[in-house]
Structure formats: structure tokens, C-alpha cells
Amino acid sequence: MASPSEAAAGSDGEAQAVFRGITDDVSRVALNPTPKWWWPAFGVSNLMLLCLVVSLYHLFTTGIGVWGNNNIQGWAWDITNFVFWIGIGHAGTLISAVLYLFRQDWRTSINRSAEAMTIFAVAAAGIFPIIHTGRPWFAWWMIPHPNDMGMWPQFRSPLMWDVFAISTYATTSILFWYMGMVPDLATLRDRAKERWKQVGYGLLALGWRGSARQWHRYERAYLILAALSTPLVLSVHSVVSFDFATSQNPGWHTTIFPPYFVAGAIFSGFAMVATLLVPLRHLCGLKHIIKESHIEAMCKIMIATGLMVGGAYGIEIFIAWYSGNAGEWFTFRNRVLGEYSWAYFAMVSCNVLVPQFFWIRKCRTNPWIVVGLCILINVGMWFERFVIIATSLARQAMPGMWGYFSPTRWDVLTFIGSFGLFFTLFLLFARFLPVIAMAEVKAVSPEAHAGKDHH
Amino acid sequence: MYGGISIIELLAMLLGDDTPADELVAKTYAESGAGGTWRAALHDGFVDRTQLPRAAVQAGGGGGAALTATAAGGSGAQNGNLEVTFLPSSQTYDGRFANNPWLQETPDFLTKVTWDNVALISPDTADALGVSSQDVVRIKVGDRALDIVALVMPGQARGSIGVILGGGRTRAGRVGNKQREWVGGGFDAYKLRTSAGLDFVTGATVSRTGTRYKIATTQEHHDIRRGFSISATIGDKEIQKKLPDLVRETDRAGFADVAYKAEKTHPYYHDHEHGRGYSLYKEQTYDGRRWAMAIDLGNCMGCNACVVACQAENNVPVVGKREVTRNREMSWLRIDRYFRGDLNDPEVVGQPVACQHCENAPCETVCPVGATLHSSEGLNDMVYNRCVGTRYCLNNCPYRVRRFNFVDYHQEFNDARNNVRKLLFNPDVTVRERGVMEKCTYCVQRIQAAKIKAKNPAPHGAGERGPIADGTITTACQAACPTEAIVFGDLSDPESRVSKLHGDRRQYELLGELNDKPRTRFLARVRNPNPELAPAGKPAGHH
Amino acid sequence: MTTPANDDETPGAADAPPPDRPGHADGPDGGRGDDGDDGRGTGNGNGHGSDEELHGLLAEFETPGALIAAARKVRNAGHTEFDCYSPFPVHGIDPAMGIKATRLPIVVFLGGLTGLVLGTLMQWWMNAYDWPWNVAGKPTWSIPANVPISYETTILLSVLTTFFGMWAANKLPQVWHPFFRLDRFARVTDDGFFLGVEAGDKRFDLEQTRQLLVAAGATHIEECYVDARPEARTMPRWIMAAMAVLTMVALIPVALVFKARATKSPDPHWHVFSDMDYQPKLKSDQPFADFADGRANRGELPGTVARGQLKADDAYYRGIAGGQWLTGLPAQVEVSEATLARGKQRYDIYCAPCHGFDGAGMGIVPARVEALGGAWPARNLVERGSAVITMPNGQLYNTISNGYNTMMGYASQMPVADRWAVVLYVRALQRSQNAAESELPAGSQVR
Amino acid sequence: MSATKSIHPDEKYKADKMGGRLFKVGLAAGAALLIISVILGATKGDHWRRFLYAYVVGWSFVFSIALGSLFFIISHHLTRAKWGIVLRRLAEFMAGTLPFLFVLGLVFVLPVLFGNKHLYFWTHDGLHDPKHPLWHHMHHKFGWLDPAFFAGRYVLYMAVYIGLARYFAKKSAEMDTAPDAAAAAAIADRLRVVAGPATVAFGFVTLFSITDLFMTLSPTWYSTIYSVNYFAGAMLATYCTLALLARVIQQNGKLVHSVTVEHYHDIGKYMFGWTFFWIYTAFSQFMLQWYGNIPEETIFYSYRMFSDWQYVSLALLVGQWAFPYLCLLSRWTKRILPLLMFFAAWQLVFHWVDLYWNVMPNAQWTMETTAHGVFNMGPLAGDPAKHTIGFHFLDITVWLALVGLFLAAVGKAMKGNLIPVKDPKLGECLAFENY
């Protein structure tokens, strides 16, 4: 170290070096020139985003008819994608909030990107409830406001609950994410060399100066936000599950949906976090901060949540049989053995069998295997929603209206496009914002106690 | 309409007579000596006492047994010696109505096929020939050949191919012409039909051409038996299991039992009229009129008149073949057709299903903007211009009677050339935009018209505000029903026909166990087959 | 704005001499060996002139532990206006500094409670009070169905209270602070641990406080000056002006909305989305250019007979019997007091305006025309010996139905029965106007 | 953080005679109350129906605590949680009662096996008649709800629980006698590895066992979340019991230094958390069935909403959720021990009310066969409002008797050290601080 005083300080100076190392490594990502891999990745994401723009243009000018939805399956890929994305979002909140409450310090390495992922997933999810409506230009009628029609929304509808749940969730996620980022934005402000970056980060950092009094209130506020986000995250996917569970449709109307959806959401969310972070830690050189053990921990959570989901599959089928409700029992037999059985088996094998590989240590440590298995899990979780929505609706109470859903190319393009939106936002985040919560990593490092009396 | 002249007028003009056509006809009629006036004959549609004398005929001995053998057994002929029967189309007859899209899209009662004519093959024969639905087959009779799409049809006689006429026209008009697979138009069955065999020919050979052709059906949108065998069995078995519940039937003996009740009381079913029962909240009540409908399955014969009437009355769009293949047909009223028993010799049951106007309608409670809600008279109202099109109501309707405008089905009216076709719309019914949900309204426009009329003084109206006499309002389907299977009226009037039918012991609620309290109730069908004709070992209408 | 991170190579802590001039920060730039890229930290803004006043002292420490110890010392020395600065929350510093627990949780609880109440009230008011409707037989106020939204509004308001409560408590955003002038202070977001004592503190004394900090183990101590001029402490005028203008502009749409809601306009509303206002269907009174008469409404086609419109009874429907005008009455018409009363009522509505209540042809219309100096006579229906009196009933009926000269037909207004009733009434009028005295009932003759 | 502490030199952590005392007290109280209950049950004159129902409620109460303790142990090993290590032994003692609970459970399982028709609705003979109104709902599962098969499954479920409980208790005890720290760490690692599959086994067995034992008491009603809801209540009860037990032990002069207010604070947090999870699952079940309004499902709630039971329902809502939930929000409720103990006891009482509310209304589901062979569903069928709570003193005495016997079993299991003295993370646990 250059400073003699620091050198003289011995181990205490080393603590500072550790902190500076963290600052350097993380700030570098945002402040250094754009790395080579970024532009191609951004280009591909933009192309995918273009798919969304094109398909939405076609959708808005032509109608829902461009998709494969029909009078039997009013919802298909649109709501499947919605639930898929909103589920992905949940891991971020879980990592930031729930693990924070449980004092799982390892979360600090991944929570920032997981929260970012949450927000972008919610953004990707949020477009679907709007665009899936037949007349999206009237979607604002779902916001309660005085109007010339003198009408109010109908609050008994789970879709209204969705409006509130998702908007609350988006707001909270953004505030939580932003609040966690304020000290790190201040770091970037203080390290940026270009004037526009200084101004930009400076405005975003709100003039943060790390005062102990500020930290005190900040930490308390952060804790409260975490404590609020935890029941919120439970409620959001529960509310999403109510969209189905409040109906009378066999296959939809079941009481275990709320916790089951939450478990599934966490499951898919962790898979998505791992899918993103494993490459990111390689590309951004953050392997010493996002450690192998963190990836392993996520894999273990995937085993647990995967089994919860599997348990829910089991109890659903058992109760369907037990209930003595013929329609209920048929729906599940049809799900397993009917013409959509391919989807059901895709779901079960990806969601219940695939995570079992994570019992094997090798599968948790090899990045290729982790990413591969996580992608399979996400495929499986997409299929779970598809199975719930499409196969249940395909054969309901009236055999005179049984059908089979076939997607159109616009279904596919819209879905790809939602990935484009997600990846584009994520790449922008990874390029310009602190991808790791520096202050939190420092706070939980052993060096944070340097110079304290051990008492 | 445009003040043109008819053929007779033209002929008369050529002969130097410029009397208007109607007068010419009236004159000719008067000269014919049929009696009465032309006007009366025109109004009545027939001339009384001009029927042919009654002929005395008698069935041959043992006729019953012979008929049974034909129905159940068929000829069982081998390929090469198959029989081809020519059947008029229930939609286009012999093809003359091919240019009428309403008819083209009205599903045939048995096949549920729209927009095309097909060759019907019995399941056994199809298996023997290796043909499945939607295979294009080549039927050869002598040196004549016809490529036509096959449809495996339960109940078709074995060894007999039923070729439906009326398709494949080339000069029928914009709608009726044979077109691409996705537009429909059918196949020219006259290629096989000669004056030697107007009704049927024999010695036909059927072979697969190897191509497939999409048939647009409104039921079994795809073959239920598709996929691996378990999948097929599950669907079939379930339908057979559900049938006695959906379409309730009894036989004469069962009906004669005074204890007979079509409403099989669910153990937790509660009396609708009194108390909360098992509802977890106090349900809404209705003080005034309570509109309701009763459909007597015993009277329904599946003629489709109600379906077409509804389509005409309510400005229901015709969507075209491609949309039908995607399950997007818009008819508010459909007739579900089920086969029961052996698929080679099944019993057929039909059931007209439209919106049931549930009092506890599951569709209403999920609409976020209140676009579908209950009127004070118990109608399940659809507020078109409030609808944002979430389609949640559609998903939540156990009867699946809601229809969504997936695209703008009225786009062609933007074209001035279609101006005159605007006249086919009922001026009293809103034409729905794309993105809007719609469904049966119990012909609310007729109800409202009657209510307005009832408020007007006599003699236009009833003279005072008050009850609307039973039978004043008929829904379009009811008006069109030739067998009076559909009855509409006010439940608050205990003397109305619908009240009485709702109290009938044959009445039942469709899916009543859901506690949705549908206002439409069905009356169980009483089957009374001639025991001589019923095939041996087959219970007559038991369930 | 602060300056980028900049390491001063200031001599060690304990023996650090006081800076030779206030605001000394632009010492020799060593920079960090590893980046070697600064040299811009010449403390722009750190120098101060006569207009500057002391803001406080900033001392640097090497470890969190040292910072805690120092904080305890400074506090024990009686200082209150001081604060510690660190890149992360240092545990144990709160008691050392004597920071009292924030009351944020209570505020958040109140915020959440507000959300709960507002959310529930909103649902009750909108669905159960202001516009209750029957949805699926469920109660208008369905409490179980309201729980999710009340729950979400509770959380939303709690979250907003937390977030902005933290802003308020921490006085954020505050993009400028005197310590930002010190280059060294940039390290507070990196690896630096600072303790700043403000000059406003009542125990503050430049030298004594400096000694206190040195004793507490500060590795570096700096004085911080700020511009004392009042104008330097207020926001530049142009920013204020710009913000004012922006606020005004932002209010314009809101104002327009309020105006639109408060005023009535005869103009049809804008059709951004047509929303089924323009229908492809044709209504009966709509113009339609495709037909010669320009009307969408098509009458009965000639030569057709609609169901129930046979009207075969010529006597009743047309007033003709055997090719001649009917002289009697059709069988359907009952001569009774009730029919006459009905006929009078209809006559008074439809006929009297021209023909007059007495049938003499001077109704209010001809009377008015005459008053205006014109002439527009209506037929006197009761004039003795006129054609109307001798006219057969059938012809009279026909005239009512189909009109005569300038009189239009009343078939569309009056049903058949009414027309016959009017015929009857006209006959009664004629009779009464031309009655001979002998015809009067006994006892009512004029003497 | 990573700070550690060693066991306080003055700490008394040997169970010594405390277990024996608890055993004696519990047994005496339990036996006495049980005798009273049997007498009450015999004189009630309803073929022991009320007694059996009350017994099931009481048994499910103590069973839920044992079950929750087992999950507490397994999950702590699984997640390597440090804060609760000082409490783990107590949980092991409570889970150690499972073999005894198995025997106690036979009191209602054996009668079912030997033909008692008064407890489980599905044992009723009339149901086997196709004319019975519920036959359509029941006939397919007569194979599953067969007394012998049912008893067999009971044995299987309990075997899994007992096996898990014994394994974890045994290994944990081995840790105390481990020769060195490395050996103890090896055992800890081993337990962590086993905890994974153990959680899976526990989860799946619980999903089914709860459904089987308690949900089938409601004639045809079903809910997929039922076992999750029971589990939530069980965990809540476990944390409450842990708090009370630890406090009692401390007042007997043991573990005075090891179990600190920080640990109680964490117990309080979990009580808060499980209260929330309990209401969450309970609300999910209620709201979804309320919303769907399908008679098959709403029957469960209609009996609990429109009769005297509505007051119990409301009491449950306030007592099990609203009141403790609001109070436990505050940090101080969790740190002021008398307050925390009050809420622990409060929640335990309401946990019993919860189970009572779940089970007892089924007692009036009488099945009658009239002379004409027409079945009806008892005098109350179709009129939920006529339902009564039918409270009998028996309900309480049986419960308390089982609690006494449970405590006796805990006392029996209470041997050796009260904390796992050689657990590698014990030091961190002792130094645990909430921040």
C-alpha cells in the first residue's frame, strides 16, 4: 500500500485494503469501458426485444386472434408467460428480504442482481396482463378513478387484486432495490471520472455520505422494508394463484394453490438467478465475491422448493381422487394421461426429477451443469403454468366444448420478445449499476470488525 | 329492393303486358280455381284442402327385425364393394345455398362440420380401411373418382360411405365457391353421382390419397380419440360418465314412477327458494320479474333453427372456417351432440346450450371492471362497452357459453361495397367490436321492447304499467323452435309456462352441484322406443 | 458535486501537523499505486477566502473499531454535533455515539394502518355504497374478497412511508454537504472511516477538538470550510425559476382535466377509440345513400304479405264491401258508449287541430293561419248537406286512413279500431250538429 | 457474528432429576384427569362419541407439538441454524415422546380397527349402500378408508416419525460423548446430510398423515391445504412450548446462562412468523372455498359460520391471529419474558381451540337409517344453523390429561445434558445476538 500510515497500521490497513478491493472490483464493472462480450449480448437482446415490438404492433392492430387463444381456452400462453415471469421475480425478493431476515449473510453477494432480476421480471410479466386484454387501450379502467361513466372497478375480481398486488410489488421492489443501491451509487459517484457519470450517479445517490446517523435510520428502514417484502412476496404469488383458485374450474379451484404457487415461484426464481449469475460471475470477474458456495446454496434451495412443488402435485392428485368430485378427478387423470400428458411429464420431470441432481455435489459446482439444470427447471416451471392453464381449460365440465390449444407464431414471438425485454434491461443494469451490494458485502466481511475489542 | 323487374315481368313486357308481377300472379291464381285469394294463399303459405288424398299403406311382415339388422349390422362389405349413399347437406341442401355463410357455418347436427362437405365412414369401416378423420380419400365407382375428406362418423352404417352433396361449387358466389383448405367450400360430390344411382351406388373402392384436409367442426374440434390409447379412452369414458348427468333421460317406465325426479338432489344441494343453504353468504334476492327459460330435451330434435335464429337476431358474426378450426365460432347457442354406447350403433343425444343466466354466475364475480353483472330481473347482463376483454369470465363459465371477438369480425363493413349487407343487422342489437366478450342475453332487446310497450297506453301497449302477459316475449330461439322445446318467461308469475316447467318433475339444472343457480333449466327427455325396434340386449334409454 | 476519490499522502496521524492553511487538501498527490490516475484532486472549491467560515473538523480513522472508540471519546467529551462516516454500517457505533432508536417503525405502523383503512374504505365505498351492484349473487360488500386489496394497500403505504420516511429522517436528497469539499472524504464510500465534528457544536474549539481527535487515534485531520455568503447558501435563482415554470407547465394538464369536468360542452366527445359508437348496422331512421329514397328503412316489398298482416277482411281494413264503399259498419266495430268515447279522444288529438272540436273546420291551425292573414281552410265535417255527411262510412274510413288532398293519412298513428271509432264519432258530431229538435230526447228541448 | 462464547462456568446443564420430577407430576396429573374423563365419557351416554372426539382433539394437540419439534430439529440441522442449538435438546425430548404418542393414539385407532362407528364418519355402514346420498362421493375410496388399511397407515406414519426422531436424538446424544471436536463435527455434518432426505420424508408423510387422521373426520369435505394449515399450527405450538419449557427449566435453576433473552427473542419472531403463516393458510382455505361457493366445500364452513360455532370462529380469528399478531409485532413483546410467556401460553390455548374447531363440529354428523331404508344425514343435515358446540367438560379434561401424559413422556425422555454441549456451533449460539 502506498500510504505509509496504512502500512504502519498493519492488519488494520489490510482491512481497508479488503474494502477497497471490493469497491474496485464492483465499480470496475460499471465505470470501466464496455467489455467486449457486452455488445453482442446487448445486440441479441435488442433483436429479441424487437420481436416484442413487432408482435405487439401486430397484436394491437389485429386483435387477440393473432394468438392461439380460443373460446375454450381464453387464456393460454399469455397468462402462462405472465405467471412465469412474475414467479421468476420472486426469488429476488426472497433473496433480499427473507434471507435478510434470516441473517443469511451469503445473500449479500447476489441480492442486488437478484433484485434487479425481480424488477425486470416484473416488467416482463407486467406487460402481459395489459396486452392480453381484448382492448388494451381500456386497461386503465382497472385503476379506480372517478370517471364520466360513474363506474368503479369490481373489487371482488381476483384480477383487481392482481392490479394492486403487482403494482405494490413493483413499487416495493423498485424502492427496495433503489434504497439498497443508494450507498453504492454514492461509491460510483465518488469514483466516476467522467463529469456526466458523476452528475448522474450523484443525483441518484441523493447526497449519501455514510453518516452513522443516516446508517442507523437506513438500516432500520431496510429491515422494515425486508419485513414488509416478505409477506408481500407471499401475497403476490398467492394473489396470482387466486386468479385460478377462486374459479370453479376443476384443476384451478384448489386451496393449496397459494403456498404452492409461492414455492414454485421461488423455485423458478432461484433457477433464473443461477442461470444469470453463473455466467455473470465469469464475465465480470466476480468469482471471489459470488462464490461457488453461493451457487451451491441456491441449488439446495431449488431441491427444497422443487420437492415442495412435487409434494403439491402429489397432494393435488390425491385429493382430486379422494374428493369424490368426478370433474376434479377427471381433470387430473386427463392432465396425466390425456392428450396434454406430454406437457405434464415435461413439467414433472423438469420440476421434480431435475432438481434431484443437485443432491450430487458435482452438479452443484460445475457451472455448465448448474446452468443446464436451471434452464430445464425454468422450462419445467413454464410448463407447470401451461399445464394448469391450458390443460385444465381444455376439458371442462361440458364435453361439448372441449378443445386443444395450438400456439401461433405470434405466441412464440411475444414470448421470445418478453425475454428480450428482460435481458435488455438486465444487461443495462449489469453495465451501468453496481451489480453487487458493496456496502453490504463489506459489512458482513470479517474485516468489518477490524479494530473492535472482542467482547 | 333496387326496383328491378322480375322474370315474369320481363316476359310479360316482352309480350306487351306491363302489369306488375304480383298482379300477374294474382290473376293467374284466380284463374287456377284453387279458391280463396292469392293474398291469403301467400300469407298462409298453403291453400287449404288441396292436399293429396291419404294413402293406405302397411308395413310388411317382420319389418322391425329387418330394420334393426340394417341399422346395427350394415352390409359389412369389403373395400371394392362399398356402398356410397348421397345425402343432401343440412346446410346447403344440394349446394343451392352454398353462398349463404350463415348456413355454411351452422354446424350439422350430427357431424358438427361447417364449411365443407365430407364423406362419412363408420368407425369399423374406417379402421378396416385404415382411414381416419381428416384423411382425404379417393372414392372410385367404376371409372368415376372423387377425392373427398373423410370423417369417421359414429352411427354410420358399416360398409356404407355417406357422401354429402353440396360442396365444391365453382360458380356459387364469393362464399360458396370451392376455395383453399382454410376457407372451405367442400368437394364436388356430383362427380360420383349419375342418373343411374341418384341415391346410392355400390361397388365403391376407397383409398387414402395420403393428404390431410382440415375439417372445421364445432365439437370435438379435433378427434377426441387422438393421441395414445389411454388418452383417447379417458376422454371417451368421461363423456360417457358425464352424459347421464348432463343430458338426463328416462324411459316410459321410469317416468311413470311417481317418485321420478330428474333433479337428482345432491346431498348438499339446497332449496333455492328458501334460506342460505350452503352458501357462505346471503345471496341476492329478486323482488320483481325473474326471467327464465326452460328447454325440454324431449322436444328438441336438433334442427338448428334456434341456432340460426339466434345468429340472425343477435348480429352474431360468421367467422369463417379457419376461426372455427381454432374453436372461435361465435354462435351464442350451440347444440351439444353426444353419442352414447357402441360407437358403431350409438344413441344420439342433443342438448341446446346457451347462457344459463346463473344467479350466482361465476363469470360475473371475476370481471375486474364490472362489465358483466346481474340485472334486477336476474339477467346476466353483458355491458359491451365496459368490457376490456380479460376473458376471465370465459374461463370461469362452467357451461362455456361465452364468446370472445378475437379479431374484428365486422371488418368487411369498412368496405363501401358491402354497404347493403349492413341491412342484415338487427338495428336493436349492438354490433360488437373486437376484444369484447359476448353471449346469450335472453334476447334482452325483445324484453326491453316489451317492457316499453307495456308502459305505453293502449292499444299499442297493454294500457297500463303492469305484468307482461306470459308469452308476450319470445326469444329468437324460442320463436324459431318448431317443437316449442324452448319456453321463456317470468318466474315471478306462478302461472307462466316457464314457472310451471320449472316445477316439473322432469326439470333439472345443468351442473346444479356448483350452486350457480342457472335460470335456464332443462327438462329430462323421456325415451320411449318401440321395443320391437330396439336392438336386442340394449336397454332402452336407461341410465 | 464532490471530486473523485483522491488519496492524500498526508503524514501519519498522531503527529499530523495542522494544515498550514485552512482547507489544505491539495497536498502532494501520491494517488494510489494501482491506478495512478488522478491528479485532479486539486481541491476545486476547497480553498477559501475571507467569505468562508469553518464548518468543522474531519478526522480519519483506519478501522471501524477505531471509529467506535473515537466516537465514544468524542461523545464523552460532551460533543453532540458530530457524526461518524463509514462505507458500511458499523455495528456498535450507535451506543458509542448515543444514537437513539429511530421512531421510524411507529411512523410506518401508522402509515400501514392508514393504508389498511383507506384500502378497505375505498372498496366499501366504491362497491358497496356508491354503486352497489349484484355480482354473482355475492354480497355487495364481500369482505373476504376485499382482504387481498386491503392487505396490499397496507403494505404499499407502509413501504412508501418507510422509504420516504427514511428520506425525511435522513434529510435526503441533499446532494451537497460541506464535507464533500474535502477530497479525502470521497473515501467514505470506499474504505475510509471518518469522524466529523461540526463547528456549531457548543463544545467545539478548533484546537481542543483537534487534540481530542488526535488522542482518539485519528490518522488524519482536516478543517472544512464553507462559503459563508448568504447567496452561496441559497439555490441559484435560475434553478428556482426553472422549477417554478416546470411546475406551472405540469399543472396545465391537470387544470385542463378539472376544467373539462367542471364545464359542459355541446360538442360530442372525442373518439380516441371508437368503442362501438360507430356501428356497421343501420337503424331505421338512418340515411342510406344506396337506395333511391336515401333511407335505410325498407318498407314491405310490394307483393309480399307479412305474417299476421293478411288483413283479408276488406270491410274492416279497407272500408270496402263488394267493390263498393261500405255503408254500414264492419262486424268488428261495436257501437257503444266506450267506442264513442275512444273516438272522441282520438278525434280530439288527431282531427280537432284542423277540423275543430265541433268539426266545423275551424281548429286552432286554420284559426291561426287566418289570424296571420292567410287562408288555410279545413273541411267542415258537419256542414249540412255536404259530401262528408253523405259519404259512405267506408269512404270516411278510407279518408282517415289514407288522407285526402292536403290531409295526410293517419293509418300509421291510429290503429284500425281507433279509426272506426273516429268514424263513429264524426257521425255523432254530424248528427248532433244537425239534429232536428224533434230528435232531442224528451224534456231537453229548448223552449 | 462469528463471535463465540463458551458455556458459562456456573451453568447447570445436566438434566439430573428434573426429568423424573416432570415425569411424576405429568403422569399423576394425566392419569387422574384421564380417569375423570373416562368416567365422564362413560356417563355421557353417546357410545363414547364425545370422548373419542375430545380425545382426538387432545391427541392432535400433543401430537402437533411432537411433530413440530421433530421438524424443528431436522430443519435446524438442514440449514445449519445456530441460534436454536441451545433449544435443540428440548425439542429432541419433545420429539422423543412420539413412541408414547403412538401408544396413546391407539386409543382411538384401535376402536376404529375393531369396528367403532362413532368417530370416523366413513366407518358408517349405511354409506356402503348405493342408495345413500353420499355414496357417490364415498364409494371409490372405501378401499382407502378401510379400518384395517387406516390402522396400517397410522402405524406406517408413526414409524417414520419415530424413526426420524430416534435417529436424530441418538446422534445428537452421541455428540455429547464424542471424544474430540472433530468427531462431534463429523456427527454434525452427518446429521446435516441426513436432514435433507429426512425433510423430504417428513414433508410427504405429513401431507398424508394429517389428511388421513384429521381431515377424514369431515365426511366428504376436502381441502388440499389442510395439512399445511395443521402444520403451521403445529409449528406455532412447538415454538410456544419451547419457550415455556425453557423458561420452566430456567426457573429450576438450569440453563440460566445459556438460554438468553436473544434466544427468546428469536422464538418470539418465529411465533410471529408462524402465526402469520397459520392465518395465511387458514385464509387461503377459507377465502377460496367461500369464493367458489361449491356446496361440497362450503359445508365445512357453513357449519362453522352459521351456528354457535361462529363465535368460536371469531374467537379463533382474534385469539389465534389478530391479538397476538399485533402484539408480537413489537420487539419488546418478544424480549420481555413474562409477556412472551403470556403469549406462548395464549397461543397454545388457541391452538387447542383451533384443533377443537376443526374436529369437533364433525361430532354432530350423525348418520341415521330410518325404518324405511331412507337415509338422511342426521337431524342437522341441511340446516347448519342448528349446529351446537355441545361443549362438555370432558373436552377439557381429556385435553389436559393428554397434556399431562405428554409432559410425563417429555420427562421420561429428559436425560443427560439439556444442551448439546459438544455441538461445534454451540459457541456461536451462546453468543447469539439479534441485530
Side-chain angles (χ1 to χ4, degrees), chain A residues 62-75 129 132-139 141-142 149 151-160 162-163 243-244 246-249 252 325-327 330 333-334 337-341 389 393 395-406, chain B residues 219-222 224 226-228 230-231 234-235 238-239 241-243 245-246 323 326-330 334-338 351 353 362 365-370 373 386-396 398-408 433-437 511 514 516:
Chain A
T62 310
I64 300 301
V66 305
W67 291 336
N69 302 33
N70 54 59
N71 280 327
I72 293 167
Q73 286 136 310
W75 292 344
H132 99 283
T133 58
R135 305 199 292 170
W137 48 91
F138 288 133
W141 283 350
M142 294 196 212
M149 296 167 282
M151 295 183 79
W152 301 111
Q154 210 272 96
F155 290 111
R156 276 155 287 193
S157 166
L159 294 184
M160 277 312 297
D162 260 352
V163 170
D243 287 350
F244 309 107
T246 52
S247 75
Q248 293 187 331
N249 297 342
W252 280 18
N325 180 326
F330 166 70
R333 272 182 303 145
N334 187 48
L337 300 170
E339 55 190 345
Y340 276 108
S341 55
I389 294 170
L393 291 181
R395 291 181 168 184
Q396 284 284 319
M398 300 295 287
M401 282 295 272
W402 281 3
Y404 190 85
F405 169 83
S406 314
Chain B
Q219 207 174 329
E220 289 108 30
H221 281 274
H222 56 292
I224 288 184
R226 191 170 79 173
F228 61 100
I230 304 176
S231 152
I234 280 183
E238 179 67 11
I239 295 177
K241 242 166 69 184
K242 275 180 189 289
L243 265 188
D245 204 42
L246 295 177
E323 293 290 290
R326 286 191 181 145
N327 316 354
R328 290 185 191 155
E329 68 275 2
M330 296 296 287
R334 66 173 195 270
I335 301 184
D336 284 344
R337 172 274 290 138
Y338 305 110
Q351 180 176 40
V353 182
T365 175
V366 296
C367 178
V369 290
L373 32 93
R386 178 68 175 171
C387 177
V388 296
T390 66
R391 300 188 296 290
Y392 198 174
C393 52
L394 184 160
N395 293 331
N396 233 19
Y399 309 96
R400 280 290 181 284
V401 292
R402 289 181 157 263
R403 299 288 179 265
F404 186 68
N405 288 274
F406 280 95
V407 294
D408 186 359
E433 188 182 42
R434 79 162 161 98
V436 170
M437 189 62 70
L511 307 177
L514 296 175
D516 290 337

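Here is the naming used below: chain letters follow the sequence lines, and residue numbers restart at 1 for every chain. Quick note: numbers below take in every heavy atom, side chains included, and nothing from hydrogens, waters or symmetry partners.
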TODO: Report yes or no: does A/Q154 contribute a side-chain atom to a donor-acceptor pair with the main-chain N or O of B/T365 at less than 3.5 Å?
DONE: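 Present.
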- [ ] Compare all side-chain heavy atoms of A/M142 with those of B/V369 and state whether any distance is below 4.5 angstrom.
- [x]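 When only atoms from C-beta onward are counted, B/V369 and A/M142 do touch, with a gap below 4.5 Å.
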Open item on the list: Side chains of B/T390 and A/S157, heavy atoms from C-beta outward: is any pair under 4.5 Å?
Closed with: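 No; the side chains remain at least 4.5 Å from each other.
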Do you know which of [options] has the most heavy-atom pairs with chain B at a distance under 4.5 angstrom?
options: A/N325, A/T246, A/I64; answer: A/I64
options: A/N71, A/D162, A/T133; answer: A/N71
options: A/W75, A/W67, A/F138; answer: A/W75
options: A/G65, A/A139, A/P153, A/G63; answer: A/G65

Task: Salt-bridge present (A/R395, B/E238; N to O < 4.0 Å) - done: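 Looking at A/R395 and B/E238, the cut-off is not met.
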Which portion of [X] sits near chain B, non-hydrogen atoms under 4.5 angstrom:
X: A/N69; answer: both
X: A/F244; answer: backbone
X: A/D243; answer: both

Can you name the nearest heavy-atom pair linking [X] to [Y], along with the distance?
X: B/R400; Y: A/N249; value: NH2-ND2, 4.4 Å
X: A/A397; Y: B/L511; value: CB-CD1, 3.6 Å
X: B/Y392; Y: A/P158; value: OH-CG, 3.7 Å
X: A/Q248; Y: B/L514; value: NE2-O, 3.3 Å

For the candidates [options], which exhibits the highest count of non-hydrogen atom pairs separated by less than 4.5 Å from chain A?
options: B/R386, B/M330, B/R403, B/R334; result: B/R386
options: B/V436, B/V407, B/N396; result: B/N396
options: B/D336, B/V366, B/L394, B/V388; result: B/V388

Is it the backbone or the side chain of [X] that comes under 4.5 Å from a heavy atom of chain A, or both, or neither?
X: B/E433; result: side chain
X: B/V353; result: side chain
X: B/P362; result: side chain
X: B/D516; result: side chain

TODO: Quick one: pull up CZ in A/F330 and NZ in B/K242 and give me the separation to the nearest 0.5 Å.
DONE: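 Rounded to the nearest 0.5 Å, the CZ-NZ separation comes out at 7.0 Å.
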Open item on the list: Would you compute the distance between atom CZ of B/R326 and atom CZ of A/F405 and round it to the nearest 0.5 angstrom?
Closed with: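 Nearest 0.5 Å value for the CZ-CZ distance: 10.0 Å.
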Task: With sequence neighbours excluded, residues passing ring pair (Phe, Tyr, Trp, His ring centres under 6.0 Å) with B/F404 - done: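 Applying ring pair (Phe, Tyr, Trp, His ring centres under 6.0 Å) to B/F404 gives B/F406.
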Open item on the list: Restricting to side chain to side chain contact (heavy atoms under 4.5 Å, CB included), what partner residues turn up for B/R434, sequence neighbours left out?
Closed with: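 So B/R434 forms a side chain to side chain contact (heavy atoms under 4.5 Å, CB included) with A/W137, B/D408.
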